[in-house]
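These values consider heavy atoms only, across backbone and side chains, with no hydrogens, waters or symmetry-generated copies.
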Amino acid sequence: MELIISLLVTLVAFLIALTNPNIAGEKERKKVRALALLIGSLAAIISIYQTISKFLVIMPAGKVGVVEILGNVSESTLTPGLHLVNPLAKVIKFSTRLKDLKETVTATSKEGLNFQIDVRL
């Protein structure tokens with residue numbers, strides 16, 4: 001949605017800058033044109049950035065990605081690094097790092113004695 005808005009702002013700003021608005025005075029006309037060119041240039045840069053960010057996905061170390069397009073999940077995974085993907089695709093990231101799970105359980109034996117068991121996965 002942001003891409004469409006920035007493209008529309010770019011188009012409107014450049015149209016204002018390139019057409020000759022009926023503004024009284026040459027000084028005001030130059031100010032409006034300069035401002036419209038500035039806004040149009042910034043919106044164009046934002047549009048280009050958003051377009052590139054839709055095609056590129058960076059997978060950080062310790063994660064893998066799965067590409068989902070319209071509910072269909074691809075069989076291959078995205079390894080850490082830079083990848084080109086379909087702009088309509090959604091990339092779901094999963095952690096591959098090991099997690100240290102520690103659990104302490106207090107139990108009672110048959111004889112009624114209490115003891116603790118430490119379990120680590």
Handout entry: Main-chain N/O of Ala61 paired to Arg97 side chain as donor or acceptor, under 3.5 Å
Key = yes
Exercise for the section: Heavy atoms only: give me the nearest Ile69-Ala89 pair and the separation to one decimal. Expected result: CG1-CB, 3.5 Å
Problem - Salt-bridge criterion met for Asp100 and Arg120 (N-O under 4.0 Å) - result: yes
Exercise for the section: Verify the cluster assignment for Ile52 and Ile45: are they in a single hydrophobic cluster under the rule of side-chain heavy atoms below 4.5 Å apart? Expected result: no
Handout entry: Check: Gly62 main-chain N/O paired with Thr96 side-chain donor or acceptor under 3.5 Å
Key = yes
Practice task
Is it possible for you to say whether Val9 and Leu35 belong to one hydrophobic cluster, with membership spreading through side-chain heavy-atom contacts below 4.5 Å?
Solution key: yes
Handout entry: Distance-minimising heavy-atom pair for Thr79 and Met59
Key = O-CB, 3.5 Å
Exercise for the section: State the CG-CD distance between Leu7 and Gln50, to the nearest 0.5 angstrom. Expected result: 8.0 Å
Problem - Residues Leu78, Val64; criterion side-chain contact (heavy atoms from CB on, under 4.5 Å); working and verdict - result: CA-CA 5 Å; Leu78 301 177; Val64 294; over 6 Å; no
Exercise for the section: Answer yes or no: does atom CD1 of Ile58 have more than 12 heavy-atom neighbours from other residues, nucleotides or ligands under 6.0 Å? Expected result: no
Handout entry: Hphob cluster co-occupancy, Phe115 + Val119, side-chain heavy atoms under 4.5 angstrom
Key = yes
Problem - Distance in Å, Asn86 CG paired with Lys54 NZ, rounded so as to fall on 0.5 Å steps - result: 11.5 Å
Practice task
Assess whether atom CG of Leu101 is packed by more than 12 heavy atoms of other residues, nucleotides or ligands within 6.0 Å.
Solution key: yes
Exercise for the section: Check the hydrophobic clustering (I, L, V, M, F, W, Y; side-chain heavy atoms under 4.5 Å; chains of links allowed) and say if Val66 and Leu70 are grouped together. Expected result: no
Handout entry: Any donor-acceptor pair under 3.5 Å from Thr10 side chain to Ala44 backbone
Key = yes
Problem - Lys93 side, atom NZ; Thr77 side, atom OG1 - distance, nearest 0.5 Å - result: 14.0 Å
Handout entry: Hydrophobic cluster identity match, Val12 and Leu42, side-chain contacts under 4.5 Å
Key = no
Practice task
Without swapping roles, check the side chain of Ser109 against the backbone of Leu113 for a donor-acceptor pair under 3.5 Å.
Solution key: yes
Practice task
Verify the neighbour count for atom CG of Leu98: are there more than 12 heavy atoms of other residues, nucleotides or ligands below 6.0 Å?
Solution key: no
Exercise for the section: To the nearest 0.5 angstrom, please state how far the OG atom of Ser53 sits from the CD1 atom of Ile46. Expected result: 11.5 Å
Exercise for the section: Step by step, work out the side-chain contact (heavy atoms from CB on, under 4.5 Å) result for Leu82 and Leu56. Expected result: CA-CA 7 Å; Leu82 186 66; Leu56 293 177; 4.3 Å; yes
Fill in the blank from the handout: Between Phe55 and Thr51 the two heavy atoms that sit nearest each other are CD1-O, 3.1 Å
